[in-house]
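Values below: all heavy atoms of this structure, side chains included; hydrogens, waters and symmetry mates excluded.
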Amino acid sequence: LLKRFDPIPDSYSPQYVEAAWYPWWEKQGFFKPEYGNSRGIFMMCIPPPNVTGSLHLGHALTNAIQDCLTRWHRMRGETTLWNPGCDHAGIATQVVVEKKLMRERGMSRHDLGRENFIQEVWKWKNEKGDRIYHQLKKLGSSLDWDRACFTMDPKLSYAVQEAFIRMHDEGVIYRSKRLVNWSCTLNSAISDIEVDKKELTGRTLLPVPGYKEKVEFGVLVSFSYKIDGSDEEVIVATTRIETMLGDTAVAVHPDDPRYQHLKGKMVLHPFCDRKMPIVFDNFVDMSFGTGAVKITPAHDHNDYEVGERHNLAFINILDENGLGHISCGDTKSQLRFEARKAVLQALKERGQFKEIKDNPMVVPVCSRSKDIVEPLLKPQWYVNCTDMGKQAADAVREGRLKIIPDHHLKTWFNWMDNIRDWCISRQLWWGHRIPAYFITINDPSDVDGHYWVSGRSAEEAKEKAAKRFNVSADKITLRQDEDVLDTWFSSGIFPFSIFGWPNENQDLNVFYPGTLLETGHDILFFWVARMVMMGLKLTGKLPFKEVYLHAVVRDAHGRKMSKSLGNVIDPLDVITGISLEGLHAQLMDSNLDPLEVEKAKQGQKSDYPNGIPECGTDALRFALCAYTSQGRDINLDVNRILGYRHFCNKLWNAVKFMKCTEWILSRLSAAVGLCNAGFRAYDFPGITTAIYNFWLYELCDVYLESVKPVFSKAEEDNTSQRQAQVCRQTLYTCLEVGLRLLSPLMPFVTEELYQRLPRRQPQCDPPSICVTPYPDVEEVDCEMEFVMTVVKTIRSLRADYNLTKTRADCKLTHKLIYFTSYWL
Ligand SMILES: *[C@@H]1O[C@H](CO)[C@@H](O)[C@H](O)[C@H]1NC(C)=O
Ligand SMILES: *[C@@H]1O[C@H](CO)[C@@H](O)[C@H](O)[C@H]1NC(C)=O
C-alpha cells in the first residue's frame with residue numbers, strides 16, 4: 001500500500017475511499033484481539049441481530065457507537081475483541097420459511113414434517129442468512145469475524161442445553177399451567193416483547209388474519225347477570241364480550257355500599273347451567289362503571305389472579321386455533337370473533353344487553369402474525385426470576401454494574417423489583433428443543449406417574465429418572481417435550497456461550513466477563529436484564545461491568561421506523577445513494593400487502609422526493625454519533641448526514657492541498673537537480689526534458705489545475721483564503737525558480753516574464769534575470785522548511801503577546817517572505 005506516493009484524486013468520493021480498506025484491515029488481522037500489544041482488555045459482544053433481519057438505520061446507530069468505542073479502545077493499545085454473532089430468531093425465521101414454502105410449493109410446515117422443515121430452515125439460513133454480516137462489514141464494523149457465532153451452532157446449543165438442565169435440576173426452571181400470550185395464527189405462546197400494544201381511541205375496525213371482514217374493537221359492552229333467587233340484576237361491562245362464556249364470578253369492592261346485600265349470593269349464566277359467586281376483592285375500582293366486574297379467570301390476566309385468590313373455576317372457551325364456545329351450552333364452535341357477534345345477539349334477545357359505547361383501549365397484537373393476542377391457559381416452562389431479579393437489582397444498587405445514562409436506573413429497579421416469572425417455551429419447530437422428557441414409570445407402586453426430567457439425550461434422562469425414582473431404567477418410558485426455547489433464552493447466555501461455556505478454556509478465562517454492553521434502551525429488560533440474571537446464575541459473575549444504552553432512532557417526523565410508513569431505510573442506501581424509484585422497488589420485494597405498499601410509497605415520495613444522495617459510510621457513522629445528543633429518541637434527517645459528507649470534502653481538500661504544495665516543490669527540486677546535473681555533464685536533452693516536463697506537465701497541468709478551485713473559493717471563507725495565500729507563495733516560487741532555470745536556454749522570454757513578475761523584495765532583487773543566481777537544490781528544499789519555521793515562530797509570538805484573536809501585522813526581512821501574519 002503505497003498510497004503515500006500516489007496522486008490524490010481530485011475530489012472526495014466515498015465509493016472510492018470505502019472500496020478496498022475493509023478487506024485489507026481484515027486480512028491484516030487488525031480486528032483480532034491477538035493483534036498488537038496489550039494494555040488491559042476490552043471485550044464486548046454484539047447484540048446478536050436476527051438472522052432474518054436486515055439492518056435499518058436504527059441498527060446502524062448501534063453499530064456506529066459500538067465500532068467507534070471498539071476502535072478507541074484498540075487505539076489505546078488494549079487487547080480488543082468485539083465479537084460478532086447472529087440470532088436464530090425462532091418465530092421470525094420460522095414465519096419467513098413457512099411463507100416461502102407456501103408461496104413456492106403450496107405446502108405448510110405440517111405437510112413437510114418437523115425434520116424436513118428444519119432442514120429447509122437451515123437451507124434458507126445458509127443461503128440468505130449472511131445479509132446482516134455483509135451490511136455490518138459495509139458499515140466498517142471492526143469485528144473479529146473468525147469468532148462469529150450463530151445461536152444454533154453446536155457450541156452455543158450445547159451451552160443452552162447445559163443452562164436449561166442446570167436450572168431445571170435446581171428448580172429455577174419449572175413447569176406450570178397459567179395464562180400465556182397466545183397467537184392463534186402462529187399456534188404458539190409468544191413473549192411480551194412480541195406483543196405490540198395497539199392504542200385505539202374508540203370504536204375501530206381492525207383486520208384480523210383468518211377473517212374476511214374487519215372486526216370491531218374499542219367498544220365497551222354492558223350487560224346484566226341475574227341474581228339467583230331474586231329479580232335483581234347486576235350490570236357488568238367488557239371489551240371482549242365473547243369471554244363471558246368463560247365467566248365464573250362477578251367481583252365487587254368489599255367497601256362498595258351498593259353491593260353489601262349481595263354477600264354470599266350467586267349470579268346465573270344466561271347460556272348454561274352455571275351459578276357464579278359474587279366475590280369481594282380489593283382490586284375492583286369502585287368508580288369505574290357500575291363497580292361490578294365480570295371475572296374470566298382462564299382468559300384475562302387480572303381475572304386469573306382473582307380466580308386464584310377466590311378458588312374460582314377456570315373455564316377455557318378457546319382452542320389453540322382461536323375457535324370459541326367449547327364449554328358453554330348449545331352454541332357451536334366458531335371463530336372467536338364470530339362468537340363475539342353471536343354472544344351479543346343472544347344477549348340482546350334475552351334482554352340482558354344494556355349498552356355499547358366507545359372505549360379508548362389498548363389491543364394486544366402479535367408483532368409477527370398481526371393476530372390479536374389471546375391470553376390462554378396452557379402448561380409452559382417458566383424461569384423463576386425472584387432471586388435472579390433481586391441479584392440483578394442489587395448488582396446495580398451496589399455499583400458493581402453501571403447503567404449509563406442513569407435515567408434508566410428507575411426503570412431497571414422498577415422492573416427488577418416487580419419481576420414476573422419468564423415463560424420460556426414456544427410451540428415452534430425452529431429453535432433449541434427443550435431438553436426435558438416427560439416420563440412415565442411402569443411400576444404399579446407409582447401413583448403419580450408424571451414427571452419431567454431434563455437431560456442431553458433420552459438415555460441420560462432415563463438414567464437420571466431411574467436414579468431419582470429408584471426404579472430400573474427399563475420400567476421408564478419417556479418422550480421429549482415438543483416445544484423449543486424462547487430465543488431470548490439463548491441470547492441471555494450469549495456473553496459466555498460464545499466462549500464455549502461450560503467448558504473451561506482460555507477464551508472464557510480471558511474474555512469473560514466482558515467490559516461493556518451497548519444496546520438500545522428498548523431492549524433493556526428483554527435482553528440486558530436476562531444476560532445479567534443468567535450470567536450471575538450460571539457463572540456467578542456479571543457478564544459485563546457497564547451497560548450503555550443509546551437512543552432509539554425514529555424518522556425525521558419522530559415516527560417509529562415501520563415498513564408500512566416507508567421510512568425503514570437500509571443504511572446501504574444512505575451509503576451509496578438511491579433513487580426514489582429504487583426505494584419504491586424495494587417495497588415490491590417486501591411482504592407488505594398492496595394497500596400498505598401504496599401508503600409506504602407516498603411516505604417515501606414526501607420524505608425523499610429526489611431519492612437519497614450518496615453520503616458514504618463515514619458521514620453516516622459520524623452523523624449517527626452526533627445525533628446521540630438528542631436523548632431517548634433520535635429523529636433522523638438524511639439531509640444532516642449529507643452535511644457530514646461535505647465535511648469529508650473539507651478533509652479531503654485540506655490534505656489534497658497540502659499534498660499538492662509539497663509535491664510541486666519536490667518536483668521543482670527534482671527539476672533543479674536534473675538541470676544542474678545536465679549542465680555539468682553537457683547533457684542538453686537532459687536539461688530541456690527536465691524543464692519542459694516540469695513546466696508543462698507538473699506545473700501547468702497538475703498544480704495549476706488543482707489549485708484553481710482554491711483560488712475560486714477564496715472569496716467564500718477564511719480557510720480557503722489562507723490556502724490561497726499558501727498557493728500564491730508556492731506558485732511564485734515555482735515560477736520564479738522555473739524562469740531562472742530556463743533562462744540560459746530561453747533568455748528573452750524569461751527576461752520579459754521575470755521583469756513582469758512581482759518582486760518579493762524590490763530593493764535587493766537583481767536588476768535582470770541574467771544576473772540572478774542559478775537555482776540549486778538546497779535553495780528549494782529550504783523553502784518549505786523555512787516557511788514552516790516562520791509560521792511556527794509567528795504563532796508562538798502571537799501567543800506570547802496574547803494576540804491570537806487579533807489580526808497583527810508582521811514584517812519580515814528575508815528574500816522569500818514578505819506576507820503578513822494575518823493568515824497564520
Ligand atoms: C421462586 O423462588 C422464590 C425464592 O426462591 C420462591 O419463594 C418461590 O416460591 C418460587 N416460585 C415458584 C413458582 O416456584
Ligand atoms: C474571516 O476572518 C475575519 C478576520 O478575522 C473575520 O472578520 C471574518 O468574519 C471571517 N470570516 C469568516 C467567513 O469566517
Side-chain angles (χ1 to χ4, degrees), residues 176-181 218-318 324 326-329 336 339-340 343-344 346-347 350-357 359-364 373-377 418 420:
S176 167
K177 186 174 175 179
R178 51 178 87 157
L179 285 180
V180 294
N181 301 312
V219 293
L220 191 66
V221 178
S222 301
F223 68 99
S224 66
Y225 277 125
K226 296 226 155 65
I227 293 175
D228 189 20
S230 129
D231 292 339
E232 231 186 303
E233 56 180 25
V234 49
I235 297 173
V236 293
T238 176
T239 56
R240 296 187 296 150
I241 187 69
E242 70 282 6
T243 61
M244 66 82 68
L245 296 170
D247 280 2
T248 57
V250 166
V252 296
H253 195 277
D255 302 336
D256 197 328
R258 290 169 290 185
Y259 299 112
Q260 294 302 319
H261 65 291
L262 295 181
K263 264 198 188 123
K265 293 272 166 66
M266 305 286 253
V267 296
L268 299 171
H269 200 286
F271 304 139
C272 56
D273 182 21
R274 188 188 302 157
K275 287 187 182 176
M276 308 181 287
I278 294 173
V279 298
F280 288 73
D281 195 295
N282 279 325
F283 102 100
V284 179
D285 178 1
M286 275 194 273
S287 61
F288 185 77
T290 59
V293 189
K294 70 190 257 317
I295 301 294
T296 324
H299 293 282
D300 179 276
H301 291 282
N302 285 324
D303 295 4
Y304 176 84
E305 282 164 18
V306 178
E308 293 267 275
R309 283 199 290 276
H310 298 276
N311 239 334
L312 301 174
F314 288 69
I315 296 179
N316 186 19
I317 57 156
L318 281 180
I326 286 167
S327 36
C328 200
R336 63 198 151 133
R340 176 170 288 188
V343 168
L344 192 62
L347 283 169
R350 288 172 167 266
Q352 281 176 266
F353 166 78
K354 294 296 165 190
E355 64 166 349
I356 185 161
K357 59 178 184 189
N359 184 54
M361 63 180 288
V362 172
V363 176
V373 172
E374 289 295 332
L376 209 60
L377 208 52
N418 300 294
R420 295 168 65 150

Could you report the tightest heavy-atom contact between Y225 and L268, atom names first, then the distance?
CD2-O, 3.3 Å

Student check: side-chain heavy atoms of T248 and F314 closer than 4.5 Å:
no

With a 4.5 Å limit on heavy-atom distance, are the side chains of L220 and M361 in contact?
no

Looking only at heavy atoms, which two atoms of I227 and L262 are closest? And how far apart?
CD1-CD2, 3.5 Å

Are more than 12 heavy atoms, taken from residues, nucleotides or ligands other than D285, located less than 6.0 Å from that residue's CG atom?
yes

Counting only heavy atoms not in K263 (residues, nucleotides, ligands), do more than 12 fall under 6.0 Å from its NZ?
yes

Report, as yes or no, whether the 6.0 Å neighbourhood of atom CZ on R420 holds more than 12 heavy atoms from other residues, nucleotides or ligands.
no

All heavy atoms of M286 vs all of H253, minimum pair found to be CG-CB, 3.4 Å

Are the side chains of F271 and V343 in touch, meaning some heavy atoms are under 4.5 Å apart?
yes

Can you list the residues that meet the side chain to side chain donor-acceptor pair (under 3.5 Å) rule with R178, with sequence neighbours excluded?
Y174, S176

Between A292 and I235, what is the shortest heavy-atom contact and its length?
CB-O, 3.7 Å

Are H310 and P297 close enough that some pair of their side-chain heavy atoms sits under 4.5 Å apart?
no

In short, P375 meets L179 closest at the heavy-atom pair C-CD2, 4.0 Å

In chain order, what residues pass the salt bridge (Lys or Arg N to Asp or Glu O under 4.0 Å) check against D303, with sequence neighbours excluded?
none

With P277, which residues qualify under side chain to side chain contact (heavy atoms under 4.5 Å, CB included), at least two apart?
A249, M266, V279, L312

In chain order, what residues pass the side chain to side chain contact (heavy atoms under 4.5 Å, CB included) check against R309, with sequence neighbours excluded?
D281, F283, E305, V306

For the student: nearest non-hydrogen atoms of H269 and L245, plus distance
NE2-CA, 3.8 Å

Distance, nearest 0.5 Å, that separates CG of N302 from OG1 of T296:
11.0 Å

Atom CZ of R350 and atom OG of S224: how far apart are they, to the nearest 0.5 Å?
11.0 Å

Looking at side-chain heavy atoms only, is the closest gap between N316 and H299 below 4.5 Å?
yes

Of all residues at least two apart in sequence or in a different chain, which pass the salt bridge (Lys or Arg N to Asp or Glu O under 4.0 Å) check with K354?
E233

Sorted by chain and residue number, the side chain to side chain donor-acceptor pair (under 3.5 Å) partners of T290 (sequence neighbours excluded) come out as none

